[in-house]
There are 2 protein chains.
Amino acid sequence: MELKQQVAVTLAEVAEAAGVGESTVSRVLRNHGSFSGKTRERVMAAVERLGYVPNRIAGTLASTGSRLVAFVIPSLSNIVFPDVLRGASAVLEENRYQAVFSVTDYDPAKEEELAAAMLAWRPAAVMLAGYEHTEGTVKMLRASGCRVVELLDLDGDALDIAVGFSNRAAGRESAAFLLERGYRRIGYVGHDLNRDTRAGKRFSSFCETLEARGAPLVAREIVADASSVENGRLGLQRLLARASDLDAVYFSNDDMALGGYFHCLAEGIAVPSKLAIFGYNGLDIGRAMPQPLSTIRTPRVATGKIAAQLVVANAPPQTVDLGFELIEGATA
Amino acid sequence: MELKQQVAVTLAEVAEAAGVGESTVSRVLRNHGSFSGKTRERVMAAVERLGYVPNRIAGTLASTGSRLVAFVIPSLSNIVFPDVLRGASAVLEENRYQAVFSVTDYDPAKEEELAAAMLAWRPAAVMLAGYEHTEGTVKMLRASGCRVVELLDLDGDALDIAVGFSNRAAGRESAAFLLERGYRRIGYVGHDLNRDTRAGKRFSSFCETLEARGAPLVAREIVADASSVENGRLGLQRLLARASDLDAVYFSNDDMALGGYFHCLAEGIAVPSKLAIFGYNGLDIGRAMPQPLSTIRTPRVATGKIAAQLVVANAPPQTVDLGFELIEGATA
DNA sequence: GTCTATTTTGGCAGCGCTGCCAACAGTGGA
DNA sequence: TCCACTGTTGGCAGCGCTGCCAAAATAGAC
């Protein structure tokens with residue numbers, strides 16, 4: 001196929017071809033320092049002619065900071081994280097930063113391992129989900145000297161920068177909403193809470209609110225693996241098998257809720273008159289449903305965007321609460 | 001907050017602390033070359049004590065190849081690409097490779113720009129979606145000497161490695177399926193085809209097949225922006241407003257199809273007796289619908305996985321057809 | 001035309017690591 | 001005891017770039 005010309009063109013070769021010094025080429029290419037217009041042209045011509053592509057590895061080593069931003073995220077199946085990446089990547093690309101990522105699969109030990117691997121690239125910042133990290137991870141991040149951004153959670157103490165919203169508040173407001181609508185026999189269908197600690201926080205504050213108002217959770221069904229539409233459907237089916245007289249169900253997220261809604265459609269359970277459904281995330285799909293999903297819309301893309309902006313601007317340590325929005329749909 | 005100890009620990013410091021030479025530390029850490037057990041222990045103790053994190057930037061510069069794999073993908077909203085990343089990232093992490101990505105937003109010019117930025121990191125491989133690249137991109141990739149993997153499309157000529165399936169075949173089989181089921185007045189609802197060239201290929205071979213069998217496409221509706229459930233719903237609504245007597249609609253993907261299904265639910269259009277719906281992608285959500293979605297399941301995760309494996313193994317140039325599976329759901 | 005202020009330029013020492021090579025042990029056999 | 005061998009080890013020259021500094025060129029002032 002193509003012949004691998006392993007030997008890439010170097011700065012020195014460009015300098016020679018343009019008949020100038022290396023540092024001059026470097027200055028021209030980075031548009032930094034001073035040089036004459038004539039020099040600039042000659043350098044650019046040589047760059048063009050040789051097809052020179054600067055070596056950022058060398059550049060980063062020689063200068064101080066890298067323009068890499070490392071994302072250590074729990075999952076790519078849960079749309080939340082692609083959304084965050086999407087918000088961040090636009091800002092990063094504009095500012096000529098590069099996004100690197102790895103996926104922990106919600107495993108703190110793996111997070112530690114991957115964070116270490118990331119730090120080896122000396123990134124400008126490391127972005128992580130939430131506050132629950134191993135001691136080792138925290139120690140490493142602290143010692144690294146690079147910026148740390150914790151995303152999508154505000155219920156805890158930030159290491160450096162935190163951007164997101166309160167999951168506890170989300171759980172609380174969801175409960176309050178259902179109670180205000182008059183639901184009293186409320187159930188829950190969720191996915192693995194030990195791993196997804198943010199879902200766990202929502203659930204526990206949801207339950208606390210219900211109890212405080214005298215209508216404690218009636219039943220719950222936790223599916224073993226990750227959240228999905230199918231698991232939501234299955235979860236609701238199982239929950240109703242055990243507690244058929246529920247009047248509302250809170251789901252760990254919109255995917256699960258959609259599954260629950262499908263179950264109701266398939267079984268002819270009237271929503272919300274017979275059973276109300278409430279989700280979490282505010283995915284676009286919820287708006288397109290025959291009955292718009294009642295849920296909480298979270299600022300996922302904005303979280304990524306703001307996080308990236310703060311990193312690019314090298315902002316001081318801070319916590320940014322982007323809030324969330326309760327969507328009064330037609331399912332609860 | 002945390003004090004930034006900008007000065008990271010270096011190999012030399014570890015060597016000094018352990019009372020050995022730099023190369024010895026390097027050998028121990030990479031488990032490469034020979035060294036005694038005693039030396040190993042002393043080195044590891046020093047590493048632990050100082051909290052040393054190797055600098056991969058320097059390592060990569062000094063050695064030949066980098067362990068970076070660059071993904072230049074069109075979108076993160078379309079679940080297809082997170083799925084591919086997911087498949088790849090597991091393999092890459094196992095092999096201590098690092099994934100870097102950027103998002104082109106389906107813009108070839110942006111792809112060129114971003115590919116150039118990626119090449120500056122001297123990645124081991126660049127992964128791109130499909131075959132449609134600018135001349136500049138192709139030239140750059142060829143000259144770079146790094147592996148190039150083109151994903152999710154096989155209808156064209158590969159630069160180096162290609163992994164995916166034929167979108168034309170997918171369009172053809174979708175058409176054949178609908179025709180065999182007896183549908184004759186078929187419409188199409190899709191999203192921006194100029195940008196998503198793979199959707200364009202599916203559509204054109206779909207139409208060709210219909211025509212060849214004497215039942216040309218009756219009507220089509222192309223929504224302006226990206227695919228989404230809402231756009232699918234809206235698209236079908238508009239399409240039916242113009243052509244109310246269709247008996248089947250082919251959607252550009254499952255998101256769009258789901259939107260169409262929701263429209264039917266909301267309007268009381270019986271599926272599939274009054275109107276059949278056919279999608280593309282085989283998302284999990286389709287299985288959980290009250291009526292499972294008829295669609296084509298594409299090997300998205302596997303595409304990422306195989307691509308990563310080939311890169312890790314430094315396999316020779318090749319084209320891998322992973323095929324796809326037609327799902328006979330209940331909507332067509 | 002001289003002299004100073006300013007702009008433009010090149011040389012070169014690193015950045016932290018790897019890879020090569022030479023030096024230095026141990027080990028067993030003669 | 002000496003020799004050849006295998007197993008360990010350290011020194012040091014880069015990898016390709018940036019940043020500093022001094023030198024050279026140019027411009028401006030008189």
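Since this is a predicted model, take the numbers as computed values, not measurements. Labels below follow one simple rule: chain letters A, B, ... track the order of the sequence lines, proteins then strands, and each chain is numbered from 1.
Using a 4.0 Å cut-off between a side-chain N of Lys or Arg and a carboxylate O of Asp or Glu, A/Glu132 and A/Lys201 qualify as a salt bridge.
For the side chain to side chain contact (heavy atoms under 4.5 Å, CB included) test, residues two or more places apart in sequence or in another chain that qualify with A/Ala302 are A/Pro299, A/Leu322. Applying the salt bridge (charged side-chain N to carboxylate O under 4.0 Å, His left out) criterion to B/Arg195, with sequence neighbours excluded, gives B/Asp192. Qualifying side chain to side chain contact (heavy atoms under 4.5 Å, CB included) partners for B/Lys110, counting only residues two or more places apart in sequence or in other chains: A/Glu93, B/Asp105, B/Asp107, B/Leu114.
Here the CD-OG1 distance, from B/Glu150 to B/Thr319, works out to 8.5 Å after rounding to the nearest 0.5 Å. Atoms CE and CG, on B/Met127 and B/Leu85 in that order, are 9.5 Å from each other to the nearest 0.5 Å.
Against DNA chain C, the stretch residues 18-29 of chain A makes heavy-atom approaches under 4.0 Å through A/Gly19, A/Val20, A/Gly21, A/Ser23, A/Thr24, A/Arg27. Of the residues in residues 42-56 of chain B, not one comes within less than 4.0 Å of DNA chain D through any heavy atom.
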Only distances under 3.5 Å count here; give the side-chain donor-acceptor pairs of residues 30-47 of chain A to other protein atoms, sequence neighbours excluded, each with its distance to 0.1 Å.
residue, atom, partner, partner atom, Å
A/Arg30, NE, A/Ser26, O, 3.4
A/Arg30, NE, A/Ser26, OG, 3.2
A/Arg30, NH2, A/Ser26, OG, 2.8
A/Ser36, OG, A/Thr39, N, 3.2
A/Ser36, OG, A/Thr39, OG1, 2.8

Just list the side-chain donor-acceptor pairs under 3.5 Å for residues 48-58 of chain B, sequence neighbours left out, or say none.
residue, atom, partner, partner atom, Å
B/Asn55, OD1, B/Ile57, N, 2.8
B/Asn55, OD1, B/Ala58, N, 3.1
B/Arg56, NH2, B/Arg96, O, 3.0

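Within the 4.0 angstrom heavy-atom criterion, no nucleotide atom of any strand lies near B/Thr60. Across all strands, B/Ser34 comes closer than 4.0 Å to base atoms (heavy-atom distances). Note on A/Ser36: only backbone sugar-phosphate atoms sit closer than 4.0 angstrom, heavy atoms only; bases stay farther off.
Between the axis at the start and the axis at the end of the helix from C/dG1-D/dC30 to C/dA30-D/dT1 there is an angle of 40°, using five pairs per end and rounding to 10 degrees.
Residue pairs meeting the ring pair (Phe, Tyr, Trp, His ring centres under 6.0 Å) criterion with at least one member in residues 99-128 of chain A, sequence neighbours excluded: A/Phe101-B/Phe101. Counting only residues at least two apart or in different chains, salt bridge (Lys or Arg N to Asp or Glu O under 4.0 Å) contacts with residues 299-314 of chain B comprise B/Asp83-B/Arg300.
As a whole-Å value, the separation of A/Arg40 CZ from C/dT9 C1' is 17 Å.
With B/Gln318 contributing its side chain and B/Pro316 its backbone, the two residues share a donor-acceptor pair below 3.5 Å. Counting only distance, with no hydrogens or angles, the side chain of B/Glu111 and the backbone of B/Ala109 share no donor-acceptor pair below 3.5 Å.
Across all non-hydrogen atoms, the minimal contact from B/Leu92 to B/Ala99 is CD1-CB, 4.1 Å.
One finds a side-chain N or O of A/Thr39 lying less than 4.0 angstrom from the OP1 or OP2 phosphate oxygen of C/dT9.
More than 12 heavy atoms of other residues, nucleotides or ligands sit less than 6.0 Å from atom CD of B/Gln309.
Of the N and O atoms on the side chains of A/Glu112 and A/His133, not one donor lies less than 3.5 Å from an acceptor on the other residue. No side-chain donor from either of A/Ser89 and A/Arg86 sits under 3.5 Å from a side-chain acceptor of the other.
Between B/Gly33 and B/Arg122, the residue whose closest nucleotide on DNA chain D is further toward the 5' end is B/Gly33.
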List every contact pair, protein side and nucleotides 24-28 of chain C side both N or O, where the distance is under 3.5 Å.
none

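Chain A approaches DNA chain D within less than 4.0 angstrom (heavy atoms of the protein), and the contacting nucleotides run 5' to 3' from D/dG16 to D/dG19.
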